Amino acid sequence: MDLTTIIDALNDAQREAVTLPAGSALVLAGAGSGKTRVLVHRIAWLAQVEAVPLHRLMAVTFTNKAAAEMRGRVEALLHHSARGLWIGTFHGLAHRLLRRHAETAGLPETFQILDADDQYRLIRRLLKSLNLDEGRWPPRQVQWYINGQKDEGRRPKAIVETGDPFQHQMLQLYTAYEAICQRSGLVDFAELLLRAHELLRDHAELLSHYQERFHHVLVDEFQDTNTIQYAWLRLLSGESGNLFVVGDDDQSIYGWRGAKIENLHRFRRDYPDHRLVRLEQNYRSTATILNAANVLIANNENRLGKKLWTEGTQGEPISLYAAFNEQDEAYFVVERIKQWLEQGHLRSDAAILYRSNAQSRLFEEKLIQAGIPYRVYGGLRFFDRAEIKDALAYLRLIANRDDDASFERVVNAPPRGIGARTVEILREAARSRQQPLWRAAENICETKALPARALNALKQFLQLVDAMETDVREIGLSEQSKQIIERSGLIPHYQKEGEKGETRIDNLKELVNATRQFEYEHGDSNEEGIPILHLFLAQAALEAGDAQADEAEEYVQLMTMHSAKGLEFKLVFMAGMEEGLFPGERSLEEVGRLEEERRLCYVGITRAMQQLHFTFAESRRRYGRETYPKMSRFLREIPPELLQEVRMRAHVSRPVTAAPAARPTGLLDDSCGFPPGQRVMHNKFGEGVVLQCEGDGSQIRVQVNFEKGGAKWLMASYANLQVV
DNA sequence: GACGGAATCGTTTTT
DNA sequence: CGATTCCGTC
């Protein structure tokens with residue numbers, strides 16, 4: 001293979017990043033600037049030019065989708081399989097390490113992964129067993145606390161008591177929770193990362209083995225890493241320091257769940273010799289759209305700084321529709337989509353983005369009325385469905401009897417006469433003897449501490465699971481799951497539920513198909529000696545996400561702005577652009593949250609390739625009440641000349657000129673000093689347009705979008721602005 | 001254990 | 001408003 005395939009068709013910045021010498025590097029990759037491309041080509045470069053064997057490379061992503069895409073593109077570029085290349089999510093790779101070294105990590109070989117829902121249930125159960133009031137100690141909060149501590153790499157022992165009773169209680173719960181997980185062989189998502197980190201940190205020989213093995217570590221979406229993930233990367237990249245990270249501080253939208261944008265700054269300090277490359281040329285959006293995005297994001301402070309540009313055309317203005325109410329808003333959007341489709345465009349090129357999932361309903365209704373097929377992202381995923389989790393719980397119990405979470409889940413599902421009272425006794429016995437529920441149940445069957453009927457039912461349950469295991473030991477995974485579903489009695493149970501039960505039964509059949517597919521993909525070649533059942537269960541927990549992605553289908557796309565990250569659409573609607581909704585009222589409380597909302601808006605805008613529409617409702621029913629929200633501040637931050645207000649009924653759009661008079665609705669009006677839209681002249685910066693003002697008296701600050709320098713905040717009393 | 005009425009409560013999400 | 005959870009009754 002020759003070099004040209006790898007570096008041709010890259011722009012200068014991309015090529016610079018791809019061909020950097022070994023060492024640490026930070027690639028600041030703006031939206032649509034070819035970030036995945038750089039990662040993929042970097043891998044190919046290292047493999048082909050630097051002659052680094054693929055198995056000495058590790059690439060880390062956040063989603064399975066990104067990992068799969070990257071692997072596919074590497075293979076396409078190299079024209080051969082990329083087996084041996086470790087590429088996966090943080091969680092997936094951590095899981096792999098823990099499976100390989102379960103014993104060293106202090107875990108049973110049979111350990112199982114606890115997903116967020118399992119974790120929540122386990123915590124509720126814990127609260128109950130400790131007789132704590134759920135109202136006073138909300139399980140969600142406990143869960144948040146525990147995960148937050150783990151994300152920061154802190155074990156209970158490392159937490160210093162402040163004397164705060166709340167903290168004290170949380171700490172107690174964290175400790176108790178850990179004990180349950182440990183004796184049940186359960187590992188939650190945060191624990192995967194923490195354990196993997198500790199495994200490497202505390203075992204010098206393992207650490208040096210992996211440090212030696214991985215000459216290069218590449219990281220995608222680096223701005224989303226949390227403390228423990230960063231620590232993990234530091235450890236792994238170790239001495240060589242060959243850490244190649246790609247990220248965009250302006251697209252950091254997961255701070256609320258532990259992502260540390262500071263990691264970008266930390267990286268710069270911790271790797272003083274790193275190379276920095278900015279990817280600013282955008283290949284996705286029109287100049288108008290990029291302009292709006294640039295000006296908006298310029299309102300954030302502490303950016304690493306980046307300005308997207310394009311060689312492409314100006315494109316159409318961004319439209320702004322002030323709807324009467326939320327019905328009208330949905331109607332408008334669907335009308336526009338109709339027109340777009342009439343022009344012969346694809347449904348899948350159009351997306352409706354919103355801040356919160358609840359907003360999808362109205363759009364769905366109107367789309368149904370219009371007979372336009374659509375797809376809503378981010379609903380219940382296949383492996384999260386109750387019936388699937390029930391069936392999986394049986395499989396998990398077979399793999400590991402100590403799994404208390406699964407035991408509780410199916411001990412009386414379907415109902416078999418083991419009621420709350422019996423389970424209560426079991427829990428108590430388990431707690432006092434520090435045993436898993438299964439063991440406690442076995443013991444209780446000996447002691448006759450139960451009424452005959454319950455005892456009988458319990459014995460039958462224990463026998464059922466044991467029998468399932470013996471009968472199923474020698475057969476393939478799909479056959480196993482099929483038999484277990486049948487013998488569990490779940491199907492007749494759901495049959496009683498009528499129509500809803502039918503879909504559940506269909507889903508169970510689908511589960512068998514999934515196991516068959518998994519078997520087909522993984523064959524008998526048990527990866528590194530790990531039983532296929534364990535591999536499947538881990539995948540069910542870790543890759544529940546994109547199980548049913550029928551990308552080929554033709555649907556209008558509905559999703560939150562969060563889930564839109566990484567995607568692009570020719571036509572984008574950003575709906576509900578209202579104060580209180582976006583930015584949400586809660587994001588005003590905490591400092592930093594508003595900036596994250598603004599980044600989210602930036603992410604939304606930069607999804608659009610050709611056409612962008614903003615909509616908001618002047619009246620919106622929320623929680624059954626009529627509200628009259630104001631237009632989102634984010635829209636005020638966008639230069640008016642980029643926006644075109646739309647009145648739908650006449651299908652005439654009113655061009656917006658600089659003069660405020662051209663904005664009769666007064667949407668963008670503001671009461672101080674210079675009206676937004678006013679053209680002004682500054683001695684140093686030249687001509688520009690006023691975006692907004694704030695403050696009063698001599699403290700008035702004006703934000704001006706200069707033709708040369710972009711948006712800037714100026715003190716009106718010093719700036720000596722001249723009206724043009 | 002199933003059912004129904006009352007009470008409660010409302011971001012964002014991947015793993 | 002509407003989904004989910006809780007609690008009391010049969």
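Since this is a predicted model, take the numbers as computed values, not measurements.
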Write down the protein N/O and nucleotide N/O pairs, taken from nucleotides 7-9 of chain C, whose separation is under 3.5 Å; answer none if there are no such pairs.
none

What's touching nucleotides 3-6 of chain C from the protein side, N or O pairs under 3.5 Å?
unit_1	atom_1	unit_2	atom_2	d
dC6(C)	OP1	Arg124(A)	NH2	3.0

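Listed by chain and number, the residues in a side chain to side chain donor-acceptor pair (under 3.5 Å) with Glu152(A) are Thr227(A), Lys260(A) (sequence neighbours excluded). Taking Arg621(A) as the reference, Glu626(A) meet the salt bridge (charged side-chain N to carboxylate O under 4.0 Å, His left out) condition, with sequence neighbours excluded. With sequence neighbours excluded, no residue forms a side chain to side chain donor-acceptor pair (under 3.5 Å) with Gln141(A). In this structure Ile425(A) satisfies the side-chain contact (heavy atoms from CB on, under 4.5 Å) test together with Arg421(A), Ile444(A), Leu450(A), sequence neighbours excluded. For Ala441(A), the side-chain contact (heavy atoms from CB on, under 4.5 Å) test picks out Phe407(A), Leu426(A), Leu458(A), Leu462(A), with sequence neighbours left out. Residues that satisfy the side-chain contact (heavy atoms from CB on, under 4.5 Å) test with Pro414(A), not counting sequence neighbours, are Tyr394(A), Arg416(A), Leu490(A), His493(A). Asn357(A) is linked by a side-chain contact (heavy atoms from CB on, under 4.5 Å) to Tyr354(A), Thr560(A), counting only residues two or more places apart in sequence or in another chain.
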Heavy-atom protein contacts under 4.0 Å, nucleotides 8-14 of chain B, coded B base, S sugar-phosphate only, - none: --BBBBB

Base-contact (B) and sugar-phosphate-only (S) positions in nucleotides 2-7 of chain B, heavy-atom cut-off under 4.0 Å, - elsewhere: S-----

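Listed by first and then second residue, the salt bridge (Lys or Arg N to Asp or Glu O under 4.0 Å) pairs that reach into residues 128-145 of chain A are Arg124(A)-Glu134(A), sequence neighbours excluded.
In this structure, Leu186(A) places its CG atom 20 Å from P of dT15(B), rounding to the nearest Å.
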